[in-house]
Every structure is written in C-alpha cells, then in structure tokens.
Amino acid sequence: MPELPEVETVRRGVEPHVLGRRIRRAVVREPRLRWPVPEDFARFVEGRRITGTDRRGKYLLLALDTTGDRLIVHLGMSGRLLVLTAPEPLRKHDHLDLELEGGVLLRYHDPRRFGAVLPWPAAQGLHPLMATMGPEPFSADFHGDYLFERSRGKTTAVKSFLMDGSVVVGAGNIYAAESLFRAGIRPTRPAGKLSRGDCARLAEQVRAVLTAAVAQGGTTLRDFAGADGASGYFQQALYVYGREGQPCRVCATPIKLLRLGNRQSCYCPRCQR
DNA sequence: CTGTTAACCTGAGTGC
DNA sequence: TGCACTCAGGTTAACA
C-alpha cells in the first residue's frame with residue numbers, strides 16, 4: 001500500500017471528481033476484503049451525496065451528506081481507487097463500484113484484498129479502527145518531546161516503533177527507513193535509548209519526508225497508482241529504501257540490508273549510527 | 001504489560 | 001514452459 005503520501009495523493013486525485021455528487025448505485029462483487037463489506041453497504045450509501053473527503057492515517061474518508069456518516073476506504077497493500085469517466089471493461093479484482101451522478105465511477109480494485117471499504121455511521125462514534133491511532137505526523141501533537149516520552153522504556157527497534165500506528169500514523173516501511181536515514185539513526189537502535197535530540201531530529205525528518213513525498217505525488221511502486229492511474233515521483237528521492245548494495249547518496253558507502261520484524265530495512269552503516 | 005511472529009491474499013520475479 | 005520458491009506498501013490476532 002500506499003503509505004500516507006500515497007493515500008493523500010489518491011484523496012487529492014479523487015476529490016474533485018466526487019465532491020457534491022450523489023451515489024446512484026453501489027455494486028459489491030467481492031465482499032471478502034480485510035474486513036467483510038457488510039450486507040447493508042449498498043443501502044447505506046445509495047442516494048447519498050459525497051460532501052467531503054478526508055484522511056486519517058492511511059484511511060481515506062468520504063463524508064456522506066451532512067449527517068456525519070462516512071465511508072472508510074483503506075487500500076491495504078495493493079488497493080487502488082480509480083476514477084473512471086468512461087466505461088472500462090471489468091478486470092479481475094475489481095471488487096466494488098460506486099456509480100456517481102454525471103457518469104463518474106469510483107472503482108475499488110485490490111488483488112490481495114488487504115484493504116477495506118466500510119460504512120461508518122455517525123452514531124457509531126469513534127470508529128474502532130481509529131480509536132488507538134497515534135497523532136497525524138503533521139499535527140501539533142507530533143514532535144520530538146512526544147516521541148521521546150513515548151519511547152521511554154521501549155526495547156523494540158526504533159524502526160518498528162516508528163511504524164507502530166499507535167505512536168504515529170502514516171509511516172510505513174518506506175518512509176520509516178527514509179526518515180531514519182535523514183535523522184542519522186540506525187533502524188536497530190532500541191527506541192528507549194534515543195536521546196531527546198535524536199527524537200527531535202526524527203520527528204522533524206518524518207514530517208519532512210512525508211511532506212516531500214506528498215508534494216511529489218508519492219513513490220512509484222508496483223502496486224501503487226494515483227486515482228487517475230498516474231504514479232508518483234518520489235522514487236528518485238529515496239536515499240535507502242530498495243537501494244541495497246548501491247552507494248549511499250551522501251557518503252558512497254554501500255547501503256546495507258537487514259530484516260527487522262519480518263520486514264526489509266535498508267540503511268547506511270556510516271551515516272546512521 | 002511488552003515485544004515478536006504468523007497470518008490474511010495474490011501476483012511478480014527468480015532460479016532451476 | 002513449468003514448477004518451487006521468495007518477496008511485496010499494512011494490520012492485527014495470537015503467541016512467548
């Protein structure tokens with residue numbers, strides 16, 4: 001998936017096409033996503049107007065009417081949300097369609113089915129999926145001191161810590177690796193041993209990396225495409241992710257690869273200590 | 001409680 | 001061509 005910048009890119013791509021349009025019909029072809037699309041999904045959305053788009057972490061939110069009811073879309077690892085303005089033949093894994101007024105079709109496509117499309121009635125209050133989420137990286141709540149306090153006593157590797165959604169949302173494998181490089185911190189360092197200064201640099205770099213990636217439309221990767229099918233340009237700005245064995249862009253030392261929590265982690269052994 | 005691992009799925013790529 | 005194998009952007013349930 002899409003990490004935060006990719007989701008934000010999709011949101012920006014989708015918004016102008018859906019804003020103010022009514023959902024005429026919903027077609028669920030495959031309800032077995034990460035969490036099943038409920039039976040009453042079509043009834044929940046049909047006839048309602050999309051009045052806003054939002055994002056919380058990696059969850060894309062579509063506001064329905066002015067009731068506070070929303071639609072949650074999560075892209076998992078391989079999900080896409082396509083805006084179609086002309087008929088397109090159905091492809092494998094086109095699991096769900098929202099047919100909007102004006103001949104616009106929102107199509108959810110997800111080969112691995114790790115994503116989700118869920119109704120979120122206002123009456124439900126805070127959605128369970130978002131209840132334990134940490135702060136948005138761009139919010140005032142996310143800063144060095146916050147990271148410092150949260151990491152005290154933690155023995156887990158700082159990269160795993162950073163990818164924990166209850167600490168901060170939006171940093172997945174790519175951007176965690178990139179933030180750590182820019183902050184000069186080795187991914188294996190125990191989170192609890194970071195200094196206040198480490199945490200300040202890390203928080204700053206998380207924000208900087210995500211900001212830059214959003215500005216570039218995300219990173220081009222196998223399964224990611226923006227809502228219009230285009231892909232992002234952040235790939236060329238990566239320092240470590242996917243660059244195992246290649247020279248560090250700062251010091252030319254070969255980038256190393258290790259496995260952390262079943263996930264590939266690239267780092268520069270010289271720039272990151 | 002904390003921290004790590006396996007599992008959910010399919011497709012792409014690699015090596016034989 | 002085909003088969004066996006590994007790996008992939010996320011999240012969480014189950015374990016130690």
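Heavy-atom basis, side chains included; hydrogens, waters and symmetry copies ignored. Proteins come first, then strands; the chains are lettered A, B, ... in the order of their sequence lines, and each starts at number 1. Note that the coordinates shown come from a computational prediction; the quantities given were computed from them, not determined experimentally.
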For A:F234 and A:Y175, I'd like to know if the aromatic rings sit close, meaning centre-to-centre distance below 6.0 Å. yes
N/O contacts under 3.5 Å, protein versus nucleotides 13-16 of chain C?
none

Side chain of A:E6: nearest nucleotide among B:dG11, C:dT11, C:dG9? C:dG9
Calculate the interatomic distance between A:R55 atom CZ and C:dG10 atom C1'; express it in whole Å. 15 Å
Would you kindly give the CZ-to-P distance between A:R112 and C:dG10, to the nearest whole Å? 10 Å
Test item: side-chain donor near acceptor, A:D164 and A:S166, under 3.5 Å: yes
Are any of the side-chain nitrogens in A:D97 or A:R107 under 4.0 Å away from the carboxylate oxygens of its partner? yes
For a quick check of understanding: with a heavy-atom distance under 4.0 Å over all strands, which category does A:R32 fall into, base, sugar-phosphate or nothing? nothing
Would you kindly check whether a donor in the side chain of A:R263 faces an acceptor in the base of C:dG9, or vice versa, at under 3.5 angstrom? no
Flag this pair as yes if the NZ/CZ of A:R152 is under 6.0 angstrom from the six-membered ring centre of A:F148 and inside a 45 degree cone about the axis; otherwise no. yes
Can you give me the N/O atom pairs linking the protein to nucleotides 2-6 of chain B at distances under 3.5 Å, or say none if there are none?
{"residue": "B:dG3", "atom": "OP1", "partner": "A:T155", "partner atom": "N", "Å": "2.5"}
{"residue": "B:dG3", "atom": "OP1", "partner": "A:T155", "partner atom": "OG1", "Å": "3.1"}
{"residue": "B:dT4", "atom": "OP2", "partner": "A:T156", "partner atom": "OG1", "Å": "2.7"}

Under-4.0 Å side-chain N/O to phosphate OP1/OP2 contact, A:Q264 with C:dC7: no
Let's test your reading of the pairing rules: Watson-Crick or G-U wobble, both distances under 3.5 Å, then write DNA chain B as a dot-bracket string with ( ), [ ], | and dots. .|||||||.|||||||
